[in-house]
Amino acid sequence: MFTRAKGTAWVEIVQEMAFSFNFDVPLQTNETNDKENKDDKAKELDLKCSEVSATVPKQIKDAVEHQPLLDPLSQIENWVPETITIGALPPLLCLNESVFEKTAPEREDSEEILAKTLTQNSDLISGVYEGGLKIWECTYDLLEYIDDEGETFAGKRVLDLGCGAGLLGILALKRGASKVAFQDYNSTVIEQLTVPNVFLNCEDDENEEKNSSPPCKRKALNATEKLRDRCGFFSGDWNSFLTLMQNKTPSPKYDIIFTSETIYNTDYYSSLHNVFCDLLDENGIVYLATKSHYFGVGGGLCLFEKFVEQKNVLQIRYLKDVEQGLKRHVVSLTFKLY
């Protein structure tokens, strides 16, 4: 069992902080001239306009909606999940990343992300693998914040964006959310980790709703079908994911968007901001957990906050600061009131 006491940093978590990136970071220079300064000011003015979709990064990976197997737990019958307990939250079961590494040769992985991360010794490979098999430290910070606030999700529509293991969305399901969408960049992460985790944690909750008893097999199938109706699973980059969701009838809106450790790369800020603006309900809230700065890439909360301020659509509020190790934060984003 993995138990994290509040205010403590376990060895496993500290090791996760020492991640390595595989990005090309452009060299910065202080040499400017008057013309460049004027151009920069013009660009800043352009950013303040309300057309939030004006700049979009190049599409990297087409979005796909995944349909879970009829028996989604069949592929993990012999696995022993770890249990994560935080405060008064319900225990969360999770498949361990080390198992994926050891069983890589025998697993379905058309993206070959496990082999690539092992050979390149990198936790993130831009445009190839965005770290979804790890539970990053800020996810625990956000879970602790939810525990502190006693947040419940009865009847809420929730999007777990950049979900990885899906712990935030799973908690929302266990606490009564009506619908939860799980999105990650990599299809392997969704199929091999997110979907099994969701059904591992929540299928029994569906079974507990009634005592009257159809046969066991039928009962399990009924529980699976009910859970499938409450969940959606998506992979792909945020730009194509947003297009896929906008093409649905009706286009979904979410009361809550969870996202953790997703602002490490400034190249992704525009598409992330577009997802927030287009899929968040007008009265909804985004919960973002992040480090102050991501060394080796250049992203972080300060840069993202400036980006959001320039767009002038959303407002950021600081909810929680964590001082141990690399400084971390939990913040919220809501639409500005005019």
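Note that the structure is a prediction, hence the values are computed from the model and not measured.
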Got a donor-acceptor contact below 3.5 angstrom from the [X] side chain to the [Y] backbone?
X	Y	answer
Asp184	Ile190	no
Asn197	Leu95	yes
Asp255	Arg157	yes
Arg228	Pro68	yes
Asp321	His329	no
Lys179	Asp229	yes
Arg230	Val180	no
Ser178	Gly155	yes
Asn239	Ser271	no
Tyr287	Val330	no

Ignoring hydrogens and geometry beyond distance, is a side-chain donor-acceptor pair present between [X] and [Y] at under 3.5 Å?
X	Y	result
Ser187	Ser235	no
Thr243	Ser240	no
Gln183	Asp160	no
Tyr145	Glu151	no
Asn201	Lys174	no

Heavy atoms, side chains only, cut-off 4.5 Å: are [X] and [Y] in contact?
X	Y	answer
Asn283	Thr334	no
Met245	Leu279	yes
Val331	Leu319	no
His273	Leu314	yes
Cys138	Ser260	yes
Phe199	Cys231	no
Glu261	Glu137	yes
Ser332	Val286	no

Provide the full list of salt bridge (Lys or Arg N to Asp or Glu O under 4.0 Å) pairs with a residue in residues 295-306, sequence neighbours left out, each pair given once. none
About how many Å separate [atom2] of [Y] and [atom1] of [X], when rounded to the nearest 0.5 Å?
X	Y	atom1	atom2	value
Gln246	Phe241	CD	CZ	10.0 Å
Asn186	Asp237	CG	CG	11.0 Å
Ile146	Leu89	CD1	CG	7.0 Å
Leu92	Ile84	CG	CD1	6.5 Å
Leu280	Leu161	CG	CG	11.0 Å
Leu288	Ile285	CG	CD1	11.5 Å

Mind running side-chain contact (heavy atoms from CB on, under 4.5 Å) on Tyr269 and Thr262 for me, showing each step along the way? CA-CA 9 Å; Tyr269 286 3; Thr262 50; over 6 Å; no
Which residues pass the ring pair (Phe, Tyr, Trp, His ring centres under 6.0 Å) test with [X], not counting sequence neighbours?
X	result
His293	Phe295
Tyr254	none
Phe153	Phe258

Step by step, work out the side-chain contact (heavy atoms from CB on, under 4.5 Å) result for Lys336 and Asn312. CA-CA 8 Å; Lys336 285 189 172 184; Asn312 200 30; 2.7 Å; yes
Please determine whether salt bridge (Lys or Arg N to Asp or Glu O under 4.0 Å) holds for the pair Arg328 and Asp141, giving the CA-CA distance in whole Å, both sets of side-chain angles, and the decisive distance to 0.1 Å. CA-CA 8 Å; Arg328 309 187 305 277; Asp141 295 335; 2.5 Å; yes
Would you name the heavy atoms of [X] and [Y] that are closest together and state the gap between them?
X	Y	answer
Leu193	Gly164	CD2-C, 4.2 Å
Ala289	Leu142	CB-CB, 4.0 Å
Thr194	Gly166	CG2-CA, 4.4 Å
Thr266	Gly299	CG2-CA, 4.0 Å
Gly298	Leu303	O-CD1, 2.8 Å
Pro91	Thr83	CB-CG2, 3.8 Å

Connected via hydrophobic side-chain network under 4.5 Å: Trp238 and Val64: no
Going through the checks in order, is the side-chain contact (heavy atoms from CB on, under 4.5 Å) test met by Ile135 and Tyr140? CA-CA 8 Å; Ile135 302 175; Tyr140 296 110; 3.6 Å; yes
Classify the angle between the aromatic ring planes of Tyr264 and Tyr268 as parallel (below 30°), tilted (30 to 60°) or perpendicular (above 60°). perpendicular
Would you mind telling me which of Ile257, Ile256, Leu168 makes a side-chain contact (heavy atoms from CB on, under 4.5 Å) with Leu159? Ile257
Cys277 and side-chain contact (heavy atoms from CB on, under 4.5 Å): which single residue from Leu272, Val313, Leu333 fits? Val313
Would you please test Phe276 and Thr259 for side-chain contact (heavy atoms from CB on, under 4.5 Å) and show each step? CA-CA 10 Å; Phe276 292 163; Thr259 191; 3.9 Å; yes
Assess the pair Phe234 and Phe182: is the distance between their ring centroids shorter than 6.0 Å? no
Residues in side chain to side chain donor-acceptor pair (under 3.5 Å) contact with Lys320, at least two apart in sequence or another chain: Glu144
With Lys253 via salt bridge (charged side-chain N to carboxylate O under 4.0 Å, His left out) - residues at least two apart: none
